[in-house]
Amino acid sequence: MRYQRPKGTNDILPEEAPRWRAVERTFRDICRRYDYGEIRTPIFEETELFVRSVGEDTDIVSKEMYTFEDKGGRSLTLRAEGTAPTVRAFLENNIQGQDRERLIKLYYIAPIFRQDKPQAGRYRQHHQAGVEALGRPEPSVDAEVIDLALTFYRELGIEGTRLLINSVGCPECAPGYVDTLKASVADSVCEMCRDCQRRYETNPLRLLDCKNDVCRQITQAAPMMLDELCGECAEHFSGLREHLEALGIAYEIDPRIVRGLDYYTKTAFEFRHDALGAQDSIGGGGRYDGLVEQCGGPAIPGVGLGIGIERVLMVREALGLRDEEEPREGSFIVTIGDEAWMPGYKLLHDLRQQGIKAEIDYRRRSIRAQMRYADSQNYLNAVLLGGDEIARGVATVRDMVSGEQEEVPLDELAEELRSRRPE
RNA sequence: GUGGGCGUAGCUCAACGGCAGAGCACCUGACUGUGGCUCAGGUGGUUGUGGGUUCGAUUCCCAUCGCCCACCCCA
């Protein structure tokens with residue numbers, strides 16, 4: 001094999017494309033109902049945008065970005081996550097306008113690029129369906145975003161999604177907590193794993209996220225952010241819980257979720273599904289009240305969500321959820337003998353012009369071969385055209401399900417075939 | 001990035017130093033103007049790639065690429 005696709009990427013073939021379309025259609029429809037407008041941003045951005053927003057010390061920025069220089073010497077990076085480009089576009093196009101208090105709701109479906117080592121459920125190019133709600137600090141918005149995601153999973157038939165929530169505080173309380181946390185584990189740092197020793201200095205919050213047993217035990221005893229929230233954050237968190245409860249949404253509080261992007265404040269949440277194994281996160285997000293300002297805009301709060309489409313498809317597969325089979329559709333023109341070829345080819349064109357799905361056997365094989373093919377390819381009708389039919393200006397239309405067939409004048413054919421469409 | 005497993009026909013898999021096979025799929029015919037069922041026949045492979053060992057390598061060794069699994073990280 002001369003060329004292969006880059007490691008960790010996938011071709012989506014005609015056979016599986018319908019499953020993607022079904023998922024995308026569902027997401028778009030839900031976004032329509034929740035009144036989010038679509039935004040499409042470039043596939044690459046200035047590298048600085050990701051570095052500044054996601055955070056220099058995050059794994060994403062420090063080792064997973066596809067960064068390159070263009071001919072003008074600018075450093076560009078393939079979209080490494082969905083929020084920063086959306087915020088950039090929000091600011092650059094002044095989407096909010098004069099009313100700085102207004103809530104702006106945006107959604108996207110876009111490829112994301114990260115140079116991880118691939119494994120099941122983890123790819124170098126994956127796709128996220130996401131939303132960003134910019135402009136309001138109320139926890140009702142956080143709850144809406146979570147509700148939207150759960151609606152999405154439910155409408156795709158996915159049962160058993162777990163919702164985990166946490167609060168990571170704000171610039172008021174988080175730094176104080178970080179000090180408290182560092183102080184509480186200070187004596188044991190040298191027993192922790194190498195990564196955690198580094199995190200202790202660079203990003204202590206993520207000490208809580210470590211899965212190493214020793215580290216877990218050490219942090220077990222440490223105070224949790226949730227217990228150290230400032231008044232405003234505590235109130236926001238209980239507001240979130242109230243709104244979730246009002247919607248009947250079940251959640252677990254997991255004080256250890258610390259998302260791998262530095263811009264999160266207050267709410268952090270994640271959706272998991274056990275059908276997946278190691279890579280069991282099927283979506284996640286949180287609030288980012290400082291991000292817009294950090295990107296050079298006014299102090300505008302926001303909350304967002306990203307859902308991994310590949311993971312959603314994998315869960316559906318694991319749960320045995322199948323889209324309903326494609327119904328038989330369209331007509332296959334069966335040409336009988338050489339004299340029927342050209343009239344058949346013309347008929348094929350005419351039917352297509354009239355909106356009918358139609359196909360023909362370019363190889364001009366035997367009737368038997370053409371019929372077999374028409375059947376195997378799920379055509380609804382076979383349109384037989386031979387010397388007899390041509391002489392009388394008709395075609396024989398055979399229903400491939402019932403086997404019934406009748407002669408139809410050529411000038412009524414499109415109408416007849418149209419009426420045979422399913423539904 | 002680190003460790004482990006696996007790459008054989010379109011697909012799912014055998015063969016494990018000695019002529020590379022099966023099932024499904026596909027093609028042709030039985031049925032010379034009619035698909036599905038049945039039957040008969042047939043096409044299809046540089047055994048991922050490149051080296052090495054050997055009289056001989058799909059098989060053993062090395063490298064490389066890819067996939068899978070775990071760590072890590074995340075969607």
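In what follows, every chain begins at residue 1, and chains take the letters A, B, ... in the order their sequences are listed. Keep in mind the model is a prediction, meaning the values are calculated, not measured.
Remark: A:Arg114, A:Asp116, A:Lys117, A:Gln119, A:Ala120, A:Gly121, A:Arg122, A:Tyr123 in residues 105-125 of chain A come within less than 4.0 Å of RNA chain B through at least one heavy atom. Using a 4.0 Å cut-off on heavy atoms, none of the residues of residues 20-28 of chain A approach RNA chain B.
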Each nucleotide in nucleotides 29-40 of chain B should get exactly one letter: B, S or -. Can you fill that in based on protein heavy atoms under 4.0 Å? SBB-BBBB----

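Ring centroids of A:Tyr107 and A:Tyr36 are separated by 6.0 Å or more, keeping the two rings apart.
When the nearest nucleotides of RNA chain B are assigned to A:Ile60 and A:Thr9 by heavy-atom distance, the more 5′-ward of the two goes with A:Thr9.
Heavy-atom neighbours of A:Asp227 CG from other residues, nucleotides or ligands within 6.0 Å: above the threshold of 12. Within 6.0 Å of CD on A:Glu15 lie no more than 12 heavy atoms contributed by other residues, nucleotides or ligands. Environment of CD in A:Glu159: sparse, with no more than 12 heavy atoms of neighbouring residues, nucleotides or ligands closer than 6.0 Å. Annotation: A:Tyr251, atom OH; neighbour count of heavy atoms from other residues, nucleotides and ligands within 6.0 Å is above 12. The number of heavy-atom neighbours closer than 6.0 Å to CD of A:Glu38, taken from other residues, nucleotides and ligands shown, is above 12.
Qualifying side chain to side chain donor-acceptor pair (under 3.5 Å) partners for A:Arg52, counting only residues two or more places apart in sequence or in other chains: none.
Here B:C71 presents its C1' atom at 11 Å from NZ of A:Lys63, a figure rounded to the nearest Å. Computed from coordinates, the A:Glu317 CD to B:C68 P distance equals 14 Å when rounded to whole Å. Distance, A:Gln370 CD to B:C27 C1': 15 Å, rounded to whole Å. Atom-to-atom, CD of A:Gln279 to C1' of B:C72 comes out at 9 Å; the value is rounded to the nearest Å.
With respect to A:Arg88 and A:Glu46, no salt bridge is recorded, no charged nitrogen being found less than 4.0 Å from a carboxylate O. Residues A:Arg122 and A:Glu64 are not paired through a salt bridge, judged by the lack of any N-O separation under 4.0 Å between the basic side chain and the carboxylate. Taking the charged nitrogens against the carboxylate oxygens, A:Glu155 and A:Arg33 do have a contact shorter than 4.0 Å, which makes a salt bridge.
We find the CZ-CG distance between A:Arg398 and A:Asn381 to be 11.0 Å, quoted to the nearest 0.5 Å.
For RNA chain B, if you chain together Watson-Crick or G-U pairs that step i with j, i+1 with j-1 and so on, the runs of at least three with distances under 3.5 Å are B:1-7 with B:65-71, B:10-13 with B:21-24, B:26-30 with B:38-42, B:48-52 with B:60-64.
For A:Lys7, a side-chain nitrogen or oxygen approaches OP1 or OP2 of B:G66 to under 4.0 Å.
Annotation: B:C11 and B:G51 have their P atoms spaced 25 Å apart (nearest Å).
Using the six-membered ring where Trp is involved, A:Tyr66 and A:Phe113 have ring planes that are perpendicular, over 60° apart on the 30 and 60° scheme.
For residues 363-374 of chain A, the set of pairs meeting the side-chain hydrogen bond (donor to acceptor under 3.5 Å, both in side chains) definition, not counting sequence neighbours, comprises A:Asp361-A:Arg365.
The residue A:Gly8 sits close only to the backbone: its heavy atoms come under 4.0 Å of sugar-phosphate atoms, none of a base.
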